[in-house]
2 protein chains.
Amino acid sequence: MDRLLGNIKITVNEKTYIKDPESSDLGKRIVEYSILMIDEIGFENFTFKKLGNQIGSNESSIYRYFESKQKLLMYLSSWYWGWLEYKLVFATNGISDVKEKLTKAIEIVTMTTVKDSVFSHINEILLNNIVINEFSKSYLTKEVDAKNKEGYFSVYKRLVRRLGEMIIDIDETYPYPLSMASTILEGSLHQHFLKEHFASLTDCHKDKQPTKYFVDLVFTRLNSNSHV
Amino acid sequence: MDRLLGNIKITVNEKTYIKDPESSDLGKRIVEYSILMIDEIGFENFTFKKLGNQIGSNESSIYRYFESKQKLLMYLSSWYWGWLEYKLVFATNGISDVKEKLTKAIEIVTMTTVKDSVFSHINEILLNNIVINEFSKSYLTKEVDAKNKEGYFSVYKRLVRRLGEMIIDIDETYPYPLSMASTILEGSLHQHFLKEHFASLTDCHKDKQPTKYFVDLVFTRLNSNSHV
DNA sequence: CAAATATAATAGTATTACTATCATGATACG
DNA sequence: CGTATCATGATAGTAATACTATTATATTTG
């Protein structure tokens, strides 16, 4: 999809930032290096001060763009989900066969990012790692409901619902399309994490990726006639 | 199971604590009130100082029992998984029918805790909430591999493997028993979370609990003849 | 060229997650 | 019974965090 995306910009909820990081050079460097740093040292150890040092800028300047590191994480993950949604819609758009369509969709959302540097300052592979390791932390807080009301998770939610609709398109009698959709998304992140850190808790590894596991599980259920 | 557990003690990896909280009155109060507080204000906002105030004790005294709040969270979640494992083994032990056995197992691990105060100072219902909301934070860190090596997750891992074995017992040709087991455990926590905070991303609610969703999904797959 | 704007530098604050030290009160044991 | 040991408490201190506020300087724009 390299060529095609040349003039696309992924839109992110404006509340995640004070000043749009896409609007300046410093902003882009903040995003670029925050991805590198969070991937490297983890979200807990990541601070705006360290980031400032890394990019030869000042802590206080970073605060002009992002209110807090939580909001920056929101920005990054929203960007990721928006980007994934774009890839999903783009790849499944022309497909009329509903099963083929869902298969493609599952492939897109469960696959590890390989290389896709259309957005020069965003390393999608590392961003994928960050989502695997840190995304849960953006909603596992006491502020979820407030954040949710303000729309911080809307892209992610839309993605789950899109998947859910594709599931319904295959079997409108299946009683758990949304749970299945959310299981695919979240479960895939989890399987990727296990692959890296708890290999004894997953059957997924190099040749046997989460994608296959989920495609098998989902289609066995949707092709079955069991109406529970 | 009330009567039967009277003299049972759930064993937790000794590395999680400095001094066994079960060994003293203060220790038990620390555990009891940390559960109440973490549930109420969330792990991020929870501090040993606040806990000290709550129980009329001193911050420094709490540090005699737990090295850090991370370790306390480890202690609490290990206790929870140990307790769940006990319930699982206890409830499935006599069952010879493999399908009935797995059904029972899924029920145990995916169901919300109702009331089970055999351990007077531990509120299992709130602890269940804590596991839903905070457990991921104990492994989504840069220290996972080190912590894992030291055995902090052994009970949880054993639980996943037990489930995995029950799956194999039903269909030894199924290629993803461990992934299915880990999906049940983690996915169930996730569905419970969604129920509370993102109702639009799940089909689970009062009458339609995660248990049913997982039993249906798992057995449709294991009863099928599709060998992928 | 002046005004506005972006960034940098510096300082300061409350809180956190501890560590260290010393005091006190309870208990155990010889 | 007296003393040593141990558990707990009180206080102080530290480095780091997650910011806010203020002022200075450099850059852009009108």
Side-chain angles (χ1 to χ4, degrees), chain A residues 14-34 37-38 40-76 121 134 137-138 140-143 146-147, chain B residues 14-34 37-38 40-76 121 134 137-138 140-143 146-147:
Chain A
E14 290 182 9
K15 287 176 189 154
T16 56
Y17 51 80
I18 298 170
K19 182 180 173 178
D20 186 357
E22 289 293 319
S23 71
S24 77
D25 198 69
L26 178 60
K28 282 177 195 160
R29 267 189 302 142
I30 290 173
V31 169
E32 177 174 3
Y33 284 89
S34 66
M37 283 194 88
I38 294 174
E40 199 189 328
I41 64 178
F43 186 66
E44 275 72 35
N45 303 315
F46 167 81
T47 71
F48 281 0
K49 195 165 198 172
K50 289 177 188 168
L51 177 61
N53 288 337
Q54 188 72 227
I55 64 179
S57 176
N58 201 274
E59 199 189 356
S60 61
S61 304
I62 300 168
Y63 275 104
R64 292 259 160 55
Y65 287 84
F66 295 99
E67 204 175 302
S68 65
K69 68 173 188 170
Q70 283 287 337
K71 289 276 174 89
L72 171 58
L73 179 59
M74 290 278 190
Y75 177 88
L76 295 177
H121 60 299
E134 324 286 359
K137 296 170 191 169
S138 67
L140 292 177
T141 70
K142 281 285 163 184
E143 296 83 39
K147 292 261 172 72
Chain B
E14 290 182 10
K15 288 176 190 156
T16 57
Y17 51 81
I18 298 170
K19 181 180 173 176
D20 186 357
E22 290 292 320
S23 72
S24 77
D25 198 68
L26 178 61
K28 282 177 196 160
R29 268 189 301 141
I30 290 173
V31 170
E32 177 175 3
Y33 284 89
S34 67
M37 284 193 89
I38 294 174
E40 200 189 327
I41 65 178
F43 186 66
E44 274 72 35
N45 303 315
F46 168 81
T47 69
F48 282 180
K49 194 165 198 173
K50 288 178 188 168
L51 177 60
N53 288 338
Q54 189 71 226
I55 64 178
S57 176
N58 201 273
E59 200 189 355
S60 61
S61 303
I62 300 169
Y63 275 105
R64 293 253 164 58
Y65 286 84
F66 295 100
E67 202 175 302
S68 66
K69 68 173 187 169
Q70 283 287 337
K71 289 275 174 87
L72 171 59
L73 179 59
M74 289 280 190
Y75 177 88
L76 294 177
H121 61 298
E134 324 287 359
K137 296 170 191 167
S138 67
L140 293 177
T141 70
K142 281 285 162 185
E143 296 82 39
K147 293 260 171 71

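Residue numbers start from 1 in every chain, and the chains themselves are labelled A, B, ... in the order their sequence lines are given, proteins ahead of strands. These numbers were taken from a predicted model, which means no experiment stands behind them.
- Using a 4.5 Å heavy-atom threshold, the side chains of B:Glu44 and B:Lys137 count as touching.
- Within a heavy-atom distance below 4.0 Å of DNA chain C, the residues of residues 51-63 of chain B found are B:Glu59, B:Ser60, B:Tyr63.
- Of the candidates A:Ser24, A:Ser23, A:Ser34, A:Ser24 is the only one forming a side-chain hydrogen bond (donor to acceptor under 3.5 Å, both in side chains) with A:Tyr65.
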- Item | Worked verdict on A:Leu72 versus A:Ile62 for side chain to side chain contact (heavy atoms under 4.5 Å, CB included) | CA-CA 10 Å; A:Leu72 171 58; A:Ile62 300 168; 5.9 Å; no
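- The CZ-P distance, from B:Arg64 to C:dA17, rounds to 19 Å in whole Å.
- Rounded to an integer number of Å, the gap from NZ of B:Lys49 to C1' of C:dC18 is 11 Å.
- Whole-Å rounding puts the B:Glu67 CD to C:dA20 P distance at 12 Å.
- Counting only heavy atoms from C-beta outward, the side chains of A:Asn45 and A:Lys50 approach each other to under 4.5 Å.
- Annotation: side chain to side chain donor-acceptor pair (under 3.5 Å) contacts of B:Glu67 (sequence neighbours excluded): B:Lys71.
- Atom CZ in B:Phe48 sits roughly 13 Å away from atom P in C:dT16 (whole-Å rounding).
- Here the P atom of nucleotide D:dA16 and the CD atom of A:Glu44 are 18 Å apart, to the nearest Å.
- Contact of the B:His121 side chain with the B:Glu22 side chain is registered, since non-hydrogen atoms from C-beta on lie closer than 4.5 Å.
- Interface residues of residues 23-32 of chain B facing DNA chain C, ordered by number: none; criterion, heavy-atom separation under 4.0 Å.
- At a threshold of 4.0 angstrom between heavy atoms, the contacts of B:Tyr65 are confined to the sugar-phosphate backbone, with no base atom among them.
- In this structure, the side chains of A:Phe43 and A:Gln70 come closer than 4.5 Å at one or more pairs of heavy atoms.
- Of the residues listed (A:Ile55, A:Ile30, A:Leu26), the one engaging A:Ser61 in a side-chain contact (heavy atoms from CB on, under 4.5 Å) is A:Leu26, and it is the only one.
- With rounding to whole Å, B:Lys50 atom NZ is found 13 Å from C:dA17 atom C1'.
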